[in-house]
Amino acid sequence: VVLIEPDFGLHILFIFYSIMLHDFTPLLTAVARPLFLKSASCIIQRDESPMEKGLSGLRGRDFELSDVFYFSKKGLEAIVEDEVTQRFSSEELVSWNLLTRTNVNFQYISPRLTIVWVLGVIVRYCVLLPLRLTLAFIGISLFVIGTTLVGQLPRSSLKNLLSEVVHLTCCRICVRALSGTIHYHNRQYRPQKGGICVANHTSPIDVLILTTDGCYAMVGQVHGGLMGIIQRAMVKACPHVWFERSEMKDRHLVIKRLKEHIADKKELPILIFPEGTCINNTSVMMFKKGSFEIGATIHPVAIKYNPQFGDAFWNSSKYNMVSYLLRVMTSWAIVCDVWYMPPMTREEGEDAVQFANRVKSAIAVQGGLTELPCGVGFEGNGSLKAEGNLQTCSYLSPAVIILKKTSKLDRK
Amino acid sequence: MGSRSSHAARIPDVDSIRRETGFSQASLLRLYHRFRALDRTGKGYLSRMDLQQIEALAVNPLGDRIIDSFFPDGSLRLDFPGFVRVLSHFRPVDEEEDGNRDPKEPEPLNSRMNKLRFAFQLYDLDRDGKISRHEMLQVLRLMVGVQVTEEQLESIADRTVQEADEDGDGAVSFLEFTKSLEKMNIEQKMSIRILK
């Protein structure tokens, strides 16, 4: 991998930090998972058939000597563990698992645990944060410099190759900067050129996570500030589809430009997040149908974060970008799974909305997320937003229940 | 983690219990917690009433008999070693352990023979070593009694005894019991696996 280093000292520093964070994170996740994450609820492994089933089974056929085994086993199971114990043991054993940022949700806190938590905070803020900030800085500056340099070259396959190298390297550095451990599943279905990649959206980091495994063309608004610098740099090296704010309102223009991009089969796959906003990673909101009208092959991707190591959800009404990034960088790690799924195309007689729902279901099933039904949207700040024609959707009351559940799961 | 310190040293005679029953230290600790939880008044031992208060056991047709098996010889107090001794009958059979076993030592409590003996005792109330027709009828009444008439019960009892009885004495001895169940996977049906 070609790296462009300003000077030797920085080179050494970079390697050291990179190794430390690269080795530290998988080690942490591998060790921490069995040690700290104890399932506290069950003592015995039981088959869940209730006794009524066993009794009624007897009615159906003749009694045998061996029937006593079933009842004695059930009886002994009850002696070892019944509903009452489970309630007690859950309450007493659920204590802080040493990994989440705060321990206010747990009933059991002792001086010993508090000390461990304080140590954890010190490590996270004083050791991990500076390392990560340095790496992030190195990553972003390398990216900007690299893409500017590559942008000087004329359009050729060499340029594409180099731009890919720069993209991948710098994204990998940035992911290390967040201590990210990503597991990719089914890599044979990785999005191909000339298609559209569709994924569920939880945080701005989604982009980083997907880009470490392949290059995509991004779609979005032009921002100012640091994001704007990065966007402009990206566009120099390979074509992305950036829109001015005014252009975003014009749907037809957006679709026209996307179609132009897709028509060129040599172009990178476009990355789109159809939910339109960040969701808290427990459910998949209704997909906006715009991206599904274009008529290209859709490659769905499901992203699921493991909330025990770090909460990646960006509640845009609660935190701004900087405080969000600070939170992410002071968590232990970002652990997530990415599932690539087989490509889907719109079938005969299916309109864009139905197609969008089909893709949404597939992603929800793969990622283990609940599905918010049609007509109901979920704002990042937890309020209910009804869209479209409510009369067409008879799921309104279950939706409220699902939302109540997801808001409980919404961690600090 | 948790409020209880994980010291198995708090269990009295933990080593001898471990040797006798074959439970691991972790399992014994969990069972000890369960014992203490069942002992609501903190007596240090369990009485019949403590076990009778378990709801799931109260609806079990064999509930009373299972409780009786914990209090052999008419005793009124159940201490922790006794508690674990009965439960160890249901410990899953460890294949490796079985192979390495020293044949001179007594059979482990969770062997097939001992599991069968436990089941046999649930039938054999007067402990005379045989299940008579009368005892069979009583068990049937417990298990199936509500939905079946008395004549049907008697005929089922007769049939069951006849099928198992080989020497024609009208009762099922332990050996006959074992023989009629020799094809059954007792090790799996009578095993409760304690999670780590």
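Keep in mind that what you see is a predicted model, and the values were worked out from it rather than measured. Chain identifiers are assigned alphabetically (A, B, ...) following the order of the sequence lines, protein sequences preceding nucleic acid strands; residue numbering begins at 1 within each chain. Only heavy atoms go into these numbers, but all of them, side chains included; no hydrogens, no water, no symmetry mates.
A/Ile79 CD1 to B/Leu46 CG: the interatomic distance, rounded to the nearest 0.5 Å, is 9.5 Å. Rounding to the nearest 0.5 angstrom, the gap separating the CZ atom in A/Phe69 from the CG atom in B/Asn185 is 10.5 Å. If you take OG on B/Ser191 and CG on A/Leu76, they are separated by 11.0 Å, rounding to the nearest 0.5 Å.
In this structure, B/Arg36 places its CZ atom where only 12 or fewer heavy-atom neighbours from other residues, nucleotides or ligands lie under 6.0 Å away. Within a 6.0 Å radius of NZ in B/Lys183, other residues, nucleotides and ligands contribute 12 heavy atoms or fewer.
Only the side chain of B/Ala164 has a heavy atom closer than 4.5 Å to any heavy atom of chain A. Proximity to chain A (any heavy atom under 4.5 Å) is restricted, for B/Ile186, to the side chain, taken from C-beta onward.
The two residues B/Lys189 and A/Lys73 make their nearest non-hydrogen contact at O-CD, 3.0 Å.
Under a 3.5 Å cut-off, the side chain of B/Asn60 and the backbone N or O of A/Ser72 do not form any donor-acceptor pair.
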Only pairs under 3.5 Å count here: list side-chain donor-acceptor contacts from residues 80-89 of chain B, not counting sequence neighbours, and write none if there are none.
| from | atom 1 | to | atom 2 | distance (Å) |
| --- | --- | --- | --- | --- |
| B/Arg85 | NE | B/Glu20 | OE2 | 2.6 |
| B/Ser88 | OG | B/Arg85 | O | 2.6 |
| B/His89 | ND1 | B/Leu109 | O | 3.1 |

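Applying the ring-ring contact (aromatic ring centres under 6.0 Å, His included) test to B/His134 and every residue at least two apart in sequence or in another chain returns nothing. For the side-chain contact (heavy atoms from CB on, under 4.5 Å) test, residues two or more places apart in sequence or in another chain that qualify with B/Pro72 are B/Ser75.
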Worksheet item: Stepwise, does the side-chain contact (heavy atoms from CB on, under 4.5 Å) test hold for A/Glu77 with B/Phe90?
Response: CA-CA 10 Å; A/Glu77 276 178 358; B/Phe90 281 76; over 6 Å; no
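Heavy-atom proximity under 4.5 angstrom to chain A picks out B/Leu116, B/Phe118, B/Ala119, B/Leu122 from residues 113-122 of chain B.
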